[in-house]
Each structure stands twice: as C-alpha cells, then as structure tokens.
Number of protein chains: 2
Amino acid sequence: MSHQAEADRVLRSLGRDCLEHDPDVLRSVLDRVGDKWSLILIGLLDKGPMRFTELLRTAPGISRRMLTLTLRSLERDGLVKRVIYPESPPRVEYEVTPFGRTLSEPVLALTRWAADNQDTIRANRHAFDKAAGFDGDDLG
Amino acid sequence: MSHQAEADRVLRSLGRDCLEHDPDVLRSVLDRVGDKWSLILIGLLDKGPMRFTELLRTAPGISRRMLTLTLRSLERDGLVKRVIYPESPPRVEYEVTPFGRTLSEPVLALTRWAADNQDTIRANRHAFDKAAGFDGDDLG
DNA sequence: CGGCATCCCGATAGATACTG
DNA sequence: CAGTATCTATCGGGATGCCG
C-alpha cells in the first residue's frame, strides 16, 4: 500500500464522524471477537500454526469445549484455517489466514496498551477503592 | 509519523516476543474493557462529555443498570471522570480522562477494522454455512 | 434527572464422559 | 490426538421499582 493511499484512508476515516467510534460498528466487531477466547487464539496463532492440544496447553485456562467452539467460529469467519494431515496419529493444525492477520494488527495495539498501562489501572483501582471505603476522609 | 518511524515501530514490536500477543496481558485488558459496554462508552465519550441520560439514549440498547455499573468500573480504573454540577436540576457529566483517551486510540483501530471488514466476514460466514449445511445468524 | 437494589432469565462456559 | 455430547453452574445483564 502506498504512503499516500494509507494517509488518505486514515484522514477519510478520521474526518467522517459517522465512522469515528460508531457504536453499532464497534458493537459488531465486539460481538464477533469480543468473547473470552477469540482474540487470545488469534494472538497465539499469529506466531505460527498450532495443533489443537498445543493450543489447549498454551491458552491459559481454556477448556476443550471452548477451544473447539471458538476455533469453529473463527474458522467460520475466515480468520483461521483448519488444516488436516491424514497421518497415523491424526494431526490437525490451525493457522491464521491472511485475513485474520489483518485483525492481528489492532489486537496487538490493544495488547500493547494493556502491557503499558497495567500498573496505572491497578493503582487507580486501589485509590478508588480506598476513597470509597473511607467516604472521602482525607484528614491525616 | 514518518515512513521510517512507522517501520521501526512495527519491527520493534514484532521482534520482541515477550510482548508480542502475550495471552495473559491480553486477557487482563479483555477482563477490564472486554465486556459488552466499556469500549462503546469510551468511544462515545471520546467525542465529548455526556450526561447519564444522554448516554442512555445514545448507546444502542444499554439499560440503566448496566450504564451505571459500566461507568463505575470505568471511573474506578481512571478511564472516565464523573463531574457533578450542583444545579437546580442536578446535572452529572461523564468525560474521558487523558488516560482514557490513550485507550481510545487502539479502540478506534479496532472500529476501523470492523468497518472495513464487515462485508468480508458476512461473505465468509455465508460460504462456511453453505458448505457445512447448517444455518446460522446473519451479520447485522 | 441520576442511580442504586431486587428479581430473574438465558447465554457462556466448565466438567465429565464418550467417539473416531 | 482431536474432537463431540450432555449436563450443570455461574453470572452478565435486562426489567422494574424506589429513593435522593
């Protein structure tokens, strides 16, 4: 993509207030990938193809069932591809599609935000809870 | 941002596997803002301060209860600030904090992705469902 | 107008057992 | 190994009512 085309796209989307943080559009993407596991799996698979059991071990806390369901929905949306190798111990690998990789970009942005601001949030919560508990009593 | 700076940023983030799509870090941010309404509200408030009832009308489908709960949690995390104007008809406005505004950026990236790819997802689902033989819901 | 408390339902997701 | 099926519990979140 050319520099100019990219700049154009950004400016266009920023300039049109109908797109800027449109609640309905945002809702649509959240309904699709805003569940508990989709983005996690997209993130993991972004590093390379993985097998079912491998994902089961790597995704912290996911169950067999949810892994199956989430992978199916991702496959359905064309974000992930399922590849079957008909071997003697049957093997199945999942990989991100080129389309899925385009989603990986904004996801990474979100992950980066999370990494950068975990401490701030923790501190804010602490302060808020303390203030609420003492009903704003700030006398020494 | 310059072409070079952008390239640098991408390479740096891709090169550091400690940050790249860490499942736990991603989970932490999803636990905070991955619920049904947080990102919607952040997005709405990004455009400017809004009153409680105003948000109630503008956020599509939110209930009184969930608006209250979500605003509280956002306030607790320091993403949103609650401002009370002691007037004759009491008035309360919510606004994004500077900290909240930093989150607004990755959220916008996600919204843009959604807007750009709604049609693709719809098509993918249709194709998948047709192939599998079962019918699922449509993309709103 | 702003916002908490109560009740209740349905979706989400965990545990377990079974199949190819 | 790679799932599927079922059963169940939890809880997010909607509806409603009350209160400042």
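So that the names make sense, note that chain A is the first sequence line, chain B the second, and so on, each numbered from 1.
Summarising the geometry, the separation between NZ on B/K36 and C1' on C/dG10 is reported as 11 Å, rounded to the nearest angstrom. In this structure, B/D35 places its CG atom 13 Å from C1' of D/dC11, rounding to the nearest Å. A straight line from CZ of B/R82 to C1' of C/dG3 spans 8 Å, rounded to a whole angstrom. In this structure, A/E93 atom CD and D/dG3 atom C1' are separated by 16 Å, rounded to whole Å. Rounded to an integer number of Å, the gap from CG of B/L30 to C1' of D/dG12 is 16 Å. Counting to the nearest Å, the P atom of D/dA5 and the CZ atom of A/R72 are 11 Å from each other. Atom C1' of nucleotide D/dT16 and atom CG of B/L56 are separated by 14 Å, given to the nearest angstrom. Going from atom CG of B/D31 over to atom P of C/dA13 covers 11 Å, rounded to whole Å.
With sequence neighbours left out, B/R91 forms a salt bridge (charged side-chain N to carboxylate O under 4.0 Å, His left out) with B/E87, B/E93. Residues passing the salt bridge (charged side-chain N to carboxylate O under 4.0 Å, His left out) test with A/D24: none are found, sequence neighbours excluded.
No side-chain N or O of B/D31 forms a donor-acceptor pair with one of B/S28 less than 3.5 Å apart.
Residue A/Y85 places no side-chain N or O under 4.0 Å from the OP1 or OP2 atom of D/dA2.
A salt bridge does not link B/R112 to B/D116: none of the charged side-chain nitrogens sits closer than 4.0 Å to a carboxylate oxygen.
Within residues 59-71 of chain A, the residues having any heavy atom under 4.0 Å from DNA chain C are, by residue number, A/S63, A/R65, A/M66.
Ring geometry for A/W113 versus B/F99: interplanar angle under 30°, hence parallel rather than tilted (30 to 60°).
Minimum atom distance to the side chain of B/W37 is reached by D/dG14, of the listed D/dA2, D/dG14, C/dG3.
Between the side chain of B/T97 and the backbone N or O of B/G78 there is at least one donor-acceptor pair closer than 3.5 Å.
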